[in-house]
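Per chain, numbering begins at 1; letters A, B, ... match sequence-line order.
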Amino acid sequence: MIEIHNIHKAFGGKKVLDGVSGVFETGKTNLLLGASGTGKSVLLKCIVGLIKPDLGSVTFDGTYFTNNKLDIRQEIRRKIGMLFQGSALFDSMTVEENVEFPLKMLTDMSKEERKERVDFCLKRVGLEGSNKKMPSELSGGMKKRVGIARAIAPKCTYLFCDEPNSGLDPQTALKIDELIKEITEEYNITTIIVTHDMNSVIEIGDKIMFLYQGKKLWEGTRDEIMDTDIKELNDFIFANRLMRDAKKVEEEEREEEEERKQGSQQLSSDEVKAVPEETADVQHDQLPENPEGPAATTQSGKDKV
Amino acid sequence: MLQALGKYLLFMSSLFIRRESGRILFNRTIDEAILIGINSVLIVSIVSSFIGAVTCVQVAYNLNNAFIPRSTIGFMVREMTILELAPTITSIVLAGKVGSSIAGGLGTMQITEQVDALEVMGINSASYLVLPKVVAAIIVFPLLVILAMFLSILGGYLAGTLSGELTAQEYITGLREQFIPYNIAFALIKSVVFAFLISSISSFRGYYTSGGALEVGAASTAAVTNSVIAILVGDFVLANLLL
Ligand SMILES: Nc1ncnc2c1ncn2[C@@H]1O[C@H](COP(=O)(O)OP(=O)(O)O)[C@@H](O)[C@H]1O
Ligand SMILES: [Mg+2]
């Protein structure tokens, strides 16, 4: 269980976190939800100690972390695994060396034990056989998997994921989300996931904390999130839903388009091409924060052409 | 400027607190040393051979007085390359080669959160990443400078004899004239100081990169220009102190 109490953080006079408190439970996937720029990443970094909060405290299973003695903080840090937004794999090392790295640095396992653990972790995230690949040879989804393997390799008790499904297609994103949830339950760890994706909320959100402009506005389970009367949260959900609806509308339009194309042969191919590009632009402008939108539109755009 | 200097000094002192175990740092240092050596040996060889050749040809051109023996050309090539050209020019070349790669590498690690990944594991990233680079540079630079001395004298020999300015015998006589072993020691001291300046300044520039790819490029450029200025100032200070 991780408790945070009254976390404040400002960067050069600009308030980013304004008194956030809360509890993250063990064996559950705790979500930090909010639009871009609301301070989710900063809060996560305050919790793991990469950023020092101006005020407030973080407690890991009853042990005070922020501002505690260095060796106590180090002790806790050794139990922390973190998956970064861009995976943050060490690009001079192979997949295997990346996963082995925390074991080498943090444990006194023998070489054989390390090898065994690395193979186990890679298998757990579905990457057996990719041991010798370099990070540059991996797809986005595979990088995230390696990142997860590296995070759980030293048997972490706390797992932090910053936008684990950003930049992934919806299917891969779902798989990564599910993997994190499975691992959380299997090893009974305390997991905190930063996200701005309502899909994640619906699929894996055991407990959700909604951040808005550096403040916690709402907290609850995924069953409760739909009947909240907080305006900002409803707006956020609505924007997400709007995006999904827009996608649906666009699909319908595409079908209509195809029917029309079949009906009248006079339509020049140029015009047909122009239509999907326009719709793509409009959608992009309306919903710039949606992670899937642009990718999904380009795909459907391609289909049309 | 003063602020940057203070931050640099704090950065350097942070390398020594909360260090990793000696074995890990030792292995990292060997890796870095091999990397620096392999990446720079070719460019250093080319540059120093030509510097020697050009020095020889130009000295010969200026020394057409019949009263001065031709062997003086060999003497002057030796003095100029050992004392100044080999250590300083080599270091300036290495500032471009090694400095930019250190800053670019660390900058990339910083903006892709690899540095944060180290910190989360409880590793002092500055010490883990930078200390081996500085130590490796201090070990490898003098070796490269020795190579540069040898090759520039060889370059001078080839240029001088092939162009017919002087005979092999004259050149070698010149090389042996009034030899002061301290000059070699001085050159090696310079190379150690320059190694420290280049590796630490470039690491500092790279480590404190924030933003994106553009800033990594800017950090690399700043690393090279700052290092070159530091080398030239250091060269002047050392010449005053030690000669
Ligand atoms: N190191 C920093 N220095 C200054 N400002 C920062 C820093 N890190 C984040 N910020 C600012 O804090 C705000 C929240 O950022 P962040 O937590 O990354 O948002 P998100 O919720 O999208 O993860 C942004 O406005 C960002 O500009
Ligand atoms: Mg973020």
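Around the CD atom of A/E186, the shell of radius 6.0 Å holds more than 12 heavy atoms that belong to other residues, nucleotides or ligands. Around CZ of A/F11, the count of heavy atoms belonging to other residues, nucleotides or ligands within 6.0 Å exceeds 12. Heavy atoms from other residues, nucleotides or ligands lying under 6.0 Å from NE2 of A/H5 number 12 at most. Heavy-atom neighbours of A/K9 NZ from other residues, nucleotides or ligands within 6.0 Å: above the threshold of 12. Within a 6.0 Å sphere centred on NZ of A/K155, heavy atoms belonging to other residues, nucleotides or ligands number 12 at most. Counting non-hydrogen atoms of neighbouring residues, nucleotides and ligands closer than 6.0 angstrom, the CG atom of A/D108 reaches no more than 12 such neighbours. No more than 12 heavy atoms of other residues, nucleotides or ligands sit less than 6.0 Å from atom CG of B/L214.
Atom CD1 of residue B/I123 and atom CZ of residue A/R78 lie 8.0 Å apart, to the nearest 0.5 angstrom. The CD1 atom of B/I24 sits 8.5 Å away from the NZ atom of A/K104 when rounded to the nearest 0.5 Å. Atoms CD and CG, from B/Q114 and A/D91 in turn, are 4.0 Å apart once rounded to the nearest 0.5 Å.
Neither the backbone nor the side chain of A/R73 comes within contact range of chain B; no heavy atom of the residue lies under 4.5 Å from a heavy atom of that chain. For A/L89, the part sitting under 4.5 Å from any heavy atom of chain B is the backbone (N, CA, C, O) and nothing else. Contacts of A/E75 with chain B are absent, with no heavy-atom separation under 4.5 Å from either backbone or side chain.
The heavy-atom pair separating A/Q74 from B/G122 by the smallest distance is NE2-O, 2.8 Å. In this structure, B/M109 and A/F90 approach most closely via the heavy-atom pair CE-CD2, 4.1 Å. Of all heavy-atom pairs spanning A/A88 and B/A117, the tightest one is O-CB, 4.2 Å.
Contacts classified as ring pair (Phe, Tyr, Trp, His ring centres under 6.0 Å) and involving residues 117-147 of chain B (residues at least two apart or in different chains) are given here: A/F101-B/Y128.
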Worked check of side chain to side chain contact (heavy atoms under 4.5 Å, CB included) between B/E119 and A/M82: CA-CA 11 Å; B/E119 288 287 334; A/M82 186 156 177; over 6 Å; no
Assess the residue pair A/F84 and B/V120 against the criterion (side chain to side chain contact (heavy atoms under 4.5 Å, CB included)); give the C-alpha distance rounded to whole Å, side-chain angles, the decisive distance to 0.1 Å, and a yes or no. CA-CA 11 Å; A/F84 287 86; B/V120 166; 3.9 Å; yes
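For the pair B/E113 and A/K45, the salt-bridge criterion is met [side-chain N within less than 4.0 Å of a carboxylate O].
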